Structures are given as C-alpha cells and as structure tokens.
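Notes for the one structure printed next.
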Amino acid sequence: MPELPEVEVVRAGLEPAVTGATVSSVTVFDERSLRRHSGPAEDFVDRLTGRGIVSAERRGKFLWLPLGPSTASGTEEEGPEALVVHLGMSGQVLLRDRETDDRLTRIRIELDHPFHRQLRLNFVDQRIFGSMAIDRLLQTPDAPSGLVPGQVAHIARDPLDPQFDDRLFLARLARRNTGVKRALLDQTLLSGVGNIYADEALWAARVHFDQPTSTLSRPRAKLLLAEVRLVLAKALGEGGTSFDAQYVNVNGASGYFSHSLNAYGRQGKPCPRCGRPITRVSFMNRGSHFCAFCQRVR
DNA sequence: CCCCTCACCTGATCGC
DNA sequence: TGCGATCAGGTGAGGG
C-alpha cells in the first residue's frame with residue numbers, strides 16, 4: 001500500500017487494537033517475510049511471544065510497535081525493542097478474530113487484549129517485498145524526543161511530521177544533482193512519498209519530473225513541498241488510495257483517493273487543468289504520469 | 001560521498 | 001480455456 005497515507009491508515013487502525021495487548025503466539029508461514037529480521041524465524045518467534053505492545057508508531061512508510069520488557073530475564077540492558085513492519089509493494093496488516101484466515105498470509109500474530117479479548121494480526125503480502133522484524137529502538141540524532149528502530153534511523157521525517165524541517169529539506173534538495181522526482185522518492189531526503197503521490201504533487205505544482213533539482217527555483221521548490229503536503233493530507237483524509245482489494249485498512253476496506261487522482265494512472269485522459277492528454281513514460285523502472293503542456297522543464 | 005541501476009518476488013490481468 | 005507477456009504503489013546493496 002503503501003505510501004504515507006496508506007501506512008498511516010494502517011497505523012491508526014492498529015493503535016487502539018494493539019496497545020496494551022500481549023502477544024500470545026506467532027506463526028511464520030514464509031520466512032522470506034523476515035528479510036529485515038537479523039536471525040532465523042525461531043528467533044523472531046521467541047523474541048516476540050509473550051511481549052506486551054506499547055503503541056503503534058510510524059516514520060515515512062515504516063511502521064513499528066514498541067514492545068514491553070522481555071519475559072526472558074537478564075537481557076534488558078540491551079534496550080527497548082519494537083516489531084517493525086514494512087508493507088513493501090503489496091503488504092497488508094489485517095486485524096481479525098481468531099477464526100479468520102486470509103489468503104497469502106505470511107506471518108500470523110495472535111494477541112490477547114484486556115478489552116478486545118482475542119485478536120489475530122494477519123500479515124498478508126503477495127510479492128514479499130514487505131517484511132516484519134524485531135529491531136532495537138535507538139535514539140536518533142535528529143530526534144531528541146523520539147526513539148526509532150535501527151533500520152529506520154536513516155529515514156528522514158515525513159512532511160506531515162510537525163518536526164519536519166522545511167529549510168533543511170530545501171537546502172538539501174538544492175544541493176542535489178539529480179531530477180526532482182528521484183529526489184522526492186529518496187526516503188533519506190523526505191519520507192512517505194512514493195510513485196503515486198510524487199506524480200500527483202508534481203502535477204499540482206506544474207513541475208516536470210526530470211527537472212534538475214539544482215535549477216528548480218526556491219519558490220517552485222517551496223510550492224512543490226506545499227503540494228506534497230496537500231496531496232498526502234488529502235489522501236489521508238480519504239483513507240488512502242486503492243485501485244483494488246490490495247490496498248486496504250486493517251479491516252480490509254479500501255480508501256477512496258483513487259477517485260481524486262489527477263495524473264497517476266490517467267495516461268491518455270485529459271489533464272484536469274488544460275484538457276490535453278496525460279503522458280506516461282517509463283522512468284526508474286516505473287511509470288511517470290504528467291501533463292507535457294503544464295509540466296515543462298524550465 | 002553521491003548517484004543510479006538492478007535484484008528482490010508473486011499473482012492478477014490482458015491479449016492471442 | 002489456456003498460456004505467455006506484462007504490470008504493480010518499495011527498498012537497499014553494490015558499482016561507477
């Protein structure tokens with residue numbers, strides 16, 4: 001699902017259900033879904049079983065559930081840990097009762113919750129680009145208040161984060177020597193933006209995807225950042241973008257934002273601004289959708 | 001250090 | 001119906 005709005009929909013759906021719950025059992029059906037876990041499946045299962053879940057956090061497209069103290073004694077000086085989830089291209093976290101199975105479930109986590117009683121988290125992932133992992137929580141240099149998993153430490157804040165630093169972003173962007181869409185997709189520069197919302201924000205700001213970052217004027221860069229924020233916030237308000245049942249919230253429901261797309265997936269259809277057809281070109285092994293009239297390199 | 005390409009995967013869908 | 005080709009919203013390792 002997974003750009004910022006879709007991941008945030010999952011995080012927000014998970015939070016009330018998992019906070020205060022205890023992991024009662026873990027089943028790994030496909031070990032490839034542990035690609036970001038350093039260790040075998042048994043290690044993942046052992047370290048997760050019996051742990052309490054403290055909250056549900058997110059940075060960019062990474063999601064994590066901080067864990068309470070381990071019941072295994074003597075190892076707590078290692079510091080706090082979290083269950084890290086990345087949805088990749090096709091991952092879902094589905095909140096179910098203990099009887100419900102989902103096709104393509106790669107990992108199943110069963111929870112006991114004081115109010116919601118017995119729950120089941122099915123991690124479903126067609127392409128297995130997503131993953132779960134247990135990772136240590138670290139203090140990051142840019143976050144005096146926040147702990148993030150080690151594997152998320154290099155990810156920048158997202159533009160909806162109140163602590164996102166606009167001036168720092170604009171300065172780093174201007175120093176880049178690449179095309180602006182590449183920069184938008186670079187999660188170490190700003191996080192949460194993927195192919196859909198990059199194309200949508202570029203369309204809204206009337207910027208060509210391959211405009212060199214070094215020649216993008218500061219006013220246009222600021223406008224682009226503002227449009228990134230707008231499109232992310234709007235999509236979040238509509239429950240994310242889903243074209244099919246692949247992108248859903250924790251209850252399996254789809255978002256509505258696909259009805260609001262102006263450029264992404266609309267090749268051949270009229271640009272909502274000027275009426276000329278939207279172009280699709282291959283770029284970075286994916287599609288870039290833009291209006292060749294409204295969005296020109298300059 | 002920065003930038004870019006590519007490998008990693010499966011399943012749904014489309015055209016023949 | 002069947003079969004091969006094509007496509008999909010992400011990330012990080014490794015080469016230049």
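Note on naming: letters A, B, ... go to the chains in the order of the sequence lines (proteins, then strands), and numbering restarts at 1 for each one. Model, not experiment: these values are computed from the prediction.
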Output the rounded distance in Å from [atom1] ([X]) to [atom2] ([N]).
X      : N      : atom1 : atom2 : value
A:N285 : C:dA8  : CG    : C1'   : 12 Å
A:Q126 : B:dA12 : CD    : P     : 6 Å
A:M89  : B:dA7  : CE    : C1'   : 13 Å
A:I128 : B:dA12 : CD1   : C1'   : 16 Å
A:D125 : C:dG10 : CG    : C1'   : 11 Å
A:R127 : B:dA7  : CZ    : P     : 14 Å
A:D186 : B:dC4  : CG    : P     : 10 Å
A:F29  : B:dC9  : CZ    : P     : 20 Å

Legend entry - pair A:H37-A:S131: side-chain heavy atoms closer than 4.5 Å: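 The answer is no, as the side chains (C-beta and beyond) never meet within the 4.5 Å cut-off.
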Inset, instruction - Determine which bases of DNA chain B form Watson-Crick or G-U wobble pairs with both distances under 3.5 Å, and write the result as a 5' to 3' dot-bracket string with | for other-strand partners. - result: .|||||||.|||||||
Inset, instruction - Begin from the C-alpha positions of A:E110 and A:S24 and carry the test side-chain hydrogen bond (donor to acceptor under 3.5 Å, both in side chains) through to its verdict. - result: CA-CA 6 Å; A:E110 300 199 309; A:S24 57; 5.2 Å; no
Inset, instruction - Indicate, with yes or no, if A:F290 and A:W203 share a hydrophobic cluster defined by side-chain heavy-atom contacts under 4.5 Å among Ile, Leu, Val, Met, Phe, Trp and Tyr. - result: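 In one cluster: no.
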Inset, instruction - Compute whether any side-chain donor of one residue and acceptor of the other, for A:R120 and A:T105, lie under 3.5 angstrom apart. - result: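 Looking only at side-chain atoms, A:T105 and A:R120 do not form any donor-acceptor pair under 3.5 Å.
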Inset, instruction - Let me have a per-nucleotide readout for nucleotides 11-16 of chain C, 5' to 3', with B, S or -, counting only protein heavy atoms under 4.0 Å. - result: BS----
Inset, instruction - Give the intermediate values and the outcome of salt bridge (Lys or Arg N to Asp or Glu O under 4.0 Å) for residues A:R58 and A:D158. - result: CA-CA 10 Å; A:R58 181 187 60 75; A:D158 68 65; 3.1 Å; yes
Inspect the contact between [Y] and [X] and indicate whether a charged nitrogen and a carboxylate oxygen are less than 4.0 angstrom apart.
X      : Y      : value
A:K222 : A:D166 : no
A:R98  : A:D112 : yes
A:D199 : A:R286 : no
A:D135 : A:R36  : no

Legend entry - Neighbours of DNA chain B within residues 172-183 of chain A, by heavy-atom distance under 4.0 Å: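 Heavy-atom contacts with DNA chain B come from A:R176, A:N177, A:T178, A:R182.
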Inset, instruction - Compare side-chain N and O positions of A:R32 against OP1 and OP2 of B:dT10 and report whether any pair is under 4.0 Å apart. - result: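 Looking at the OP1 and OP2 atoms of B:dT10, one of them is under 4.0 Å from a side-chain N or O of A:R32.
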Inset, instruction - Hey, can you tell me if A:H86 and A:F62 have their rings parallel, tilted or perpendicular (30° and 60° cut-offs)? - result: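 If you compare the ring of A:H86 with that of A:F62, the planes turn out perpendicular.
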Inset, instruction - Measure the CG-NE2 distance between A:L202 and A:H289 for me, rounded to the nearest 0.5 Å. - result: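 So the CG of A:L202 and the NE2 of A:H289 are separated by 12.5 Å.
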Legend entry - Between C:dG12 and B:dG11 - P atom distance, rounded Å: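 Roughly 24 Å separates the two P atoms.
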Inset, instruction - Using the P atoms only, state how far B:dC9 lies from C:dG14, rounded to an integer number of Å. - result: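 Here C:dG14 and B:dC9 have their P atoms 15 Å from each other.
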